[in-house]
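Read through the structure below, which is laid out as structure tokens, and then see the notes.
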Amino acid sequence: MRLSRYFLPVLKDNPAEAAIASHRLMLRAGMIRQSAAGIYSWLPLGFKVLRTLENIVHEEQQRAGHIPMLMPTLQTADLWRESGRYDDYGEEMLRIKDRHGRDLLYGPTNEELITDIFRNSVHSYKSLPLTLYHIQWKFRDERRPRFGVMRGREFFMKDGYNFNVDEAGALHAYNRHLVSYLRTYERMGLKAIPMQADTGPIGGEHSHEFLVLADTGESEVFYDSAVTDLSLGDRAVDFDSVEQCQGIFEEFTTPYARTDETHDEALFAKVPAERQRTARGIEVGQIFYFGTKYSESMKAKVSSPEGKEVPVHMGSHGIGVSRLIGALIEANHDDKGIIWPESVAPFKVGIVNLKQGGEATDPVCEMLYQGLQLCGLDPLYDDRDERAGTKFASMDLIGCPWRITVGPRGLKNGVVELTNRRTGESEEMSPEAALDCCTQIFSAV
RNA sequence: CGGGGCGUGGCGCAGCCUGGUAGCGCGGCGGUUUUGGGUACCGUAGGUCGUAGGUUCGAAUCCUAUCGCCCCGACCA
């Protein structure tokens, strides 16, 4: 993308309404604009990151064998009356009436809707197991939205639902989701720790939530520092393997890690003192196993192998996709701006032309721009007629992981400068070498 | 929902106490200048001071109501 043709309204000053880094930087970098409290427009740069994260989630879900679909944002109240949650959910549910006076709601989650779809079409254990998911906008009418997209009212979320004929199958689905979520966060360059959690309004028997450590996190967390050393890395995972998923589940959930809601001082005390950690965390996902809670109330039953009609065992799982952007920035920024992990950066490489219109610089920038595009690296070429400082400041703010600086001074010696946003380290090399360097760096991502 | 605060040009703010019809910085536009980290100077455009009532000869300023937004807490993906 040529910056001169893009829409990137960056702000030089900090907006008064933003208290934390991610909110401030998303506004300043021209990623979002607030429309109402907790409701945001996603400008091109923010939208690009949102789509990138959505794609990663889709890929990892499907890798785990889950089936994508799409349910509407608006739901009828009837289903929620059937499950009993229409009254239980309270003020956070946005209720709407249509022209006929029928009660609708802007969905805060989709257990009822998916269960209704399931029960109308699935009647035999032979159709199971099944895990369906979608990525859709949700709405929860928070009393006090804050922190930008971290605690918005409208938010973009992946939610999935597994259906199994028995508890054992559902528990495998639970473990599989945990593994799949670990992979998803790792791909985004995030360290998210699964912690034993409360089941809240979803209800159920087991739940883990995934927390990204950050000072601005909403939850207080207690953990054994051994969990932060764990990583899936590039190990091959067979998502159908009950043993392997169970093994990874145990590996990641055996060290003590809990939020304040489930914290147990006595258990925590057994962690070696030098490994005890207290910190704050941002919740970026949660998985539940709730057995037959909804299938009983909503009569989602199948014929078992024995010919008996049994309620299905279910679980649900969510990843806050829009919130993840806030979490990513909280975990990856400095005083100049955002520092995107390479896998989620909206633009992988920024090209800064220090002398726009220059006889030496323009052709080199064009060559790099075309070359990086051919390599699929989605470069951002700052071809504006601006001063060097302005261009550097913009690049730093929006967080391109790599920057190629092309100036007359360097070109006299035949070199451009390749700079890493995170470390600030620069290296001079020929334009061709810079191109090679970038393609090599990103071939590994 | 309890407590606190703020609404004045695109952004950040001053003016309000002690009423006299709006100002600064950044940004925009046009120039000159400069050219490796938000350059300097000149010129210029842009605001019915959140909204509605009231008091007054006169209201951004005082009073009342209302809407919106932010912060702390409780609550929550």
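Letters A, B, ... mirror the listed sequences (proteins, then strands); counts begin at 1.
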Parallel under 30°, tilted from 30 to 60°, perpendicular over 60°: which one fits the rings of [X] and [Y]?
{"X": "A/H263", "Y": "A/F222", "answer": "parallel"}
{"X": "A/Y289", "Y": "A/H313", "answer": "parallel"}
{"X": "A/W80", "Y": "A/Y89", "answer": "perpendicular"}
{"X": "A/Y40", "Y": "A/H23", "answer": "perpendicular"}

State which of [options] makes the closest approach to the side chain of [X].
{"X": "A/R144", "options": "B/G27, B/C71, B/G37", "result": "B/C71"}
{"X": "A/E283", "options": "B/A77, B/G36, B/G12", "result": "B/A77"}
{"X": "A/R28", "options": "B/C70, B/G37, B/G38", "result": "B/G38"}
{"X": "A/D13", "options": "B/A74, B/G37, B/C11", "result": "B/C11"}
{"X": "A/E209", "options": "B/G37, B/A77, B/G36", "result": "B/A77"}
{"X": "A/A19", "options": "B/C71, B/G38, B/U39", "result": "B/C71"}
{"X": "A/K12", "options": "B/A74, B/C26, B/C70", "result": "B/C26"}
{"X": "A/E92", "options": "B/G38, B/C76, B/U39", "result": "B/C76"}
{"X": "A/E142", "options": "B/C1, B/A77, B/G38", "result": "B/A77"}
{"X": "A/R146", "options": "B/C69, B/C72, B/U35", "result": "B/C72"}

When the [atom1] atoms of [N] and [M] are considered, how many whole Å apart are they?
{"N": "B/U32", "M": "B/C13", "atom1": "C1'", "value": "30 Å"}
{"N": "B/A45", "M": "B/U39", "atom1": "P", "value": "24 Å"}
{"N": "B/C11", "M": "B/G58", "atom1": "P", "value": "33 Å"}
{"N": "B/G37", "M": "B/C49", "atom1": "P", "value": "44 Å"}
{"N": "B/G53", "M": "B/G12", "atom1": "P", "value": "28 Å"}

To the nearest Å, give me how far apart [atom1] ([X]) and [atom2] ([N]) are.
{"X": "A/E386", "N": "B/G36", "atom1": "CD", "atom2": "C1'", "result": "15 Å"}
{"X": "A/M150", "N": "B/C71", "atom1": "CE", "atom2": "P", "result": "12 Å"}
{"X": "A/E220", "N": "B/A74", "atom1": "CD", "atom2": "C1'", "result": "16 Å"}
{"X": "A/R384", "N": "B/U35", "atom1": "CZ", "atom2": "C1'", "result": "15 Å"}
{"X": "A/Y40", "N": "B/C70", "atom1": "OH", "atom2": "C1'", "result": "10 Å"}
{"X": "A/E359", "N": "B/U35", "atom1": "CD", "atom2": "C1'", "result": "16 Å"}
{"X": "A/Y181", "N": "B/A77", "atom1": "OH", "atom2": "C1'", "result": "11 Å"}
{"X": "A/R24", "N": "B/C71", "atom1": "CZ", "atom2": "P", "result": "12 Å"}

inquiry  = Both A/R403 and A/F155 contact RNA chain B. Which one's nearest nucleotide lies toward the 5' end?
reply    =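 Looking at the nearest nucleotide for each, A/R403 comes out on the 5' side.
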Given RNA chain B, 5'-ward residue of the pair A/P145 and A/G410, judged by closest heavy atom =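 In this pair, the answer is A/G410.
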With sugar-phosphate meaning primed atoms plus P, OP1 and OP2, does [X] contact a base, only sugar-phosphate, or nothing at under 4.0 Å between heavy atoms?
{"X": "A/E218", "result": "base"}
{"X": "A/G424", "result": "nothing"}
{"X": "A/D396", "result": "base"}
{"X": "A/G318", "result": "nothing"}
{"X": "A/A18", "result": "nothing"}

request  = Inspect the contact between A/R2 and A/D382 and indicate whether a charged nitrogen and a carboxylate oxygen are less than 4.0 angstrom apart.
outcome  =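 Result for this pair is no, no salt bridge flagged.
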Does [N] have OP1 or OP2 sitting under 4.0 Å from an N or O in the side chain of [X]?
{"X": "A/Q34", "N": "B/C70", "value": "yes"}
{"X": "A/R409", "N": "B/G36", "value": "yes"}
{"X": "A/R387", "N": "B/U39", "value": "yes"}

request  = Among A/W402, A/Y6, A/W340, A/Y381, find the one that has a ring-ring contact (aromatic ring centres under 6.0 Å, His included) with A/F347.
outcome  =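 That would be A/Y6.
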request  = Return yes if the base of B/G36 and the side-chain atoms of A/E417 contain a donor-acceptor N/O pair under 3.5 Å, otherwise no.
outcome  =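 Indeed there is one.
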task = Determine, stepwise, if the pair A/R85 / A/E111 fulfils salt bridge (charged side-chain N to carboxylate O under 4.0 Å, His left out).
result = CA-CA 10 Å; A/R85 285 209 294 180; A/E111 279 83 5; 2.9 Å; yes
Base partner of [N], which must satisfy Watson-Crick or wobble distances under 3.5 Å:
{"N": "B/C24", "value": "B/G12"}
{"N": "B/U66", "value": "B/G50"}
{"N": "B/C1", "value": "B/G73"}
{"N": "B/G37", "value": "none"}

ask   = side-chain hydrogen bond (donor to acceptor under 3.5 Å, both in side chains) with A/H66: which of A/H58, A/E60, A/Q61?
value =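 Result for side-chain hydrogen bond (donor to acceptor under 3.5 Å, both in side chains) with A/H66: A/Q61.
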